[in-house]
Amino acid sequence: MAGLYVHIPFCKRRCLYCDFYSTTLLARREEYVRAVVKEIGQRQHEAGEPVRTVYIGGGTPSTLEIELVTALTKAIDSTNIAEYTVEVNPGDVTEEYLRGLKELGVNRLSMGVQSFQDELLQQIGRRHTAAEAIEAVRTAKRAGFENLSIDLMYALPGQTMAQWKADIERALELGVQHLSSYGLIYEEGTAMTQMRERGEIEETDEETENAMYDYLCERLKEAGFRHYEVSNFALPGYEAKHNSSYWDGTPYVGVGAGAHSYIRNVRSWNPDDLEEYIQGIESGTLIRESETLSETDLYNEQVMLGLRTDKGCRLSPSVDRRLTVGKLSKKGLIRVSEEGRVIATQEGLHVLNRVIEELMI
Ligand code: SF4
């Protein structure tokens, strides 16, 4: 079984922390969707396996009118689809729009809430309010969605522990089935990084960030969520099938500007430029870069991705188990399961990149 990722790069405005590829050229949506429909037609079966999960992400897919999502959906072979997710911005959704998605077969929504605090939402440049986020989740439920994921951010400048705890409680109270949570990263070149450099905002210290993360993990566990990936939590049975396939090596085809694909040890990606993408698809001359992963790359990849999950990773015989594993276990950063898989502990998750580096070859 394979996954299909559809990238919609449009955003009404840029969030101040974002370094993803996206554009505010909303006037190009129709011609873009035409190109993506064409690419879906050409490539959706490229993995040689039936498509089981579809994920329309961005950018902001909910900037597309329902007619455009319909055009995308019609192009997708829906025979074997078990999970069909669309990312939505809480500021865009109406009950009518969400009902429209439901009718198209979308059975999972991922909502970029980020915070339930207006001052924090403003500070990071989100265009929705806390009230809109709450209403959007309720609207999604009224529209019949029973598999809802929201994103929440922590370690935002000035964010207090009390605000963070209140956000988590709000998410639980709203009854979402899945939560993705990320600490703010100051990516190079973003507006927030420049604000930090000018001394206008202060970065959250590591101790507070770790305390926020630990609280999140504990509270969600207590509420019955499985912490199945470093940043992802789900009620039993609601783990994201599509995202899980990225972590376990399932092939996926990515269509749209900047989208990545992974099929039989080859990773390829479309140009992350709207013009180049549309022109390339329309004229049949799109140049897709690619790389073939070596045995070592594949091993390192399964360490990197596996350690992010609660299933952990296998170790290569060339890793000195006694030395490396012994050292990391002694520090309380990893544990070894009965099947011999290496799994990061809560302490290990705080310094995951370091742990990963030690176990790579
Ligand atoms: S909506 Fe998402 S993709 Fe668009 S600017 Fe904000 S964070 Fe980036």
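This chain uses plain numbering: 1 for the first residue, then up along the sequence. Each ligand, and each atom within it, is numbered from 1 in the order the structure gives.
Looking at Tyr228, Phe233, Phe225 one by one, the single match for ring-ring contact (aromatic ring centres under 6.0 Å, His included) with His178 turns out to be Tyr228.
For atom 1 (S) of ligand 1, the nearest protein heavy atom (residue, atom name, distance) is Thr60 OG1, 3.5 Å. Here the protein heavy atom with the shortest distance to atom 7 (S) of ligand 1 is Tyr17 OH, 3.5 Å. Ranking the protein heavy atoms by distance from atom 5 (S) of ligand 1 puts Cys15 N, 3.2 Å first.
Looking at Glu200 and Arg198, a side-chain N of the basic residue comes within less than 4.0 Å of a carboxylate O on the acidic one, giving a salt bridge. Looking at Arg142 and Glu135, a side-chain N of the basic residue comes within less than 4.0 Å of a carboxylate O on the acidic one, giving a salt bridge. The existence of a salt bridge linking Lys331 and Glu358 is excluded, since no basic side-chain nitrogen approaches an acidic carboxylate oxygen closer than 4.0 Å.
Each of the atoms 1 (S), 3 (S), 4 (Fe), 5 (S) of ligand 1 lies under 4.0 Å from some heavy atom of Cys11. The ligand atoms of ligand 1 that sit less than 4.0 angstrom from a heavy atom of Arg126 are 1 (S), 6 (Fe), 7 (S). Atom numbering of ligand 1 starts at 1 in the shown order; those under 4.0 Å from a heavy atom of Gly59 are 3 (S).
Ring geometry, Tyr154 versus Trp164: the interplanar angle falls from 30° to 60°, so the pair is classed tilted. The aromatic rings of Tyr277 and Tyr32 sit tilted, their planes meeting at an angle between 30° and 60°.
Look at Cys18 and atom 6 (Fe) of ligand 1: no N/O/S atom of the residue is under 2.8 Å from the metal.
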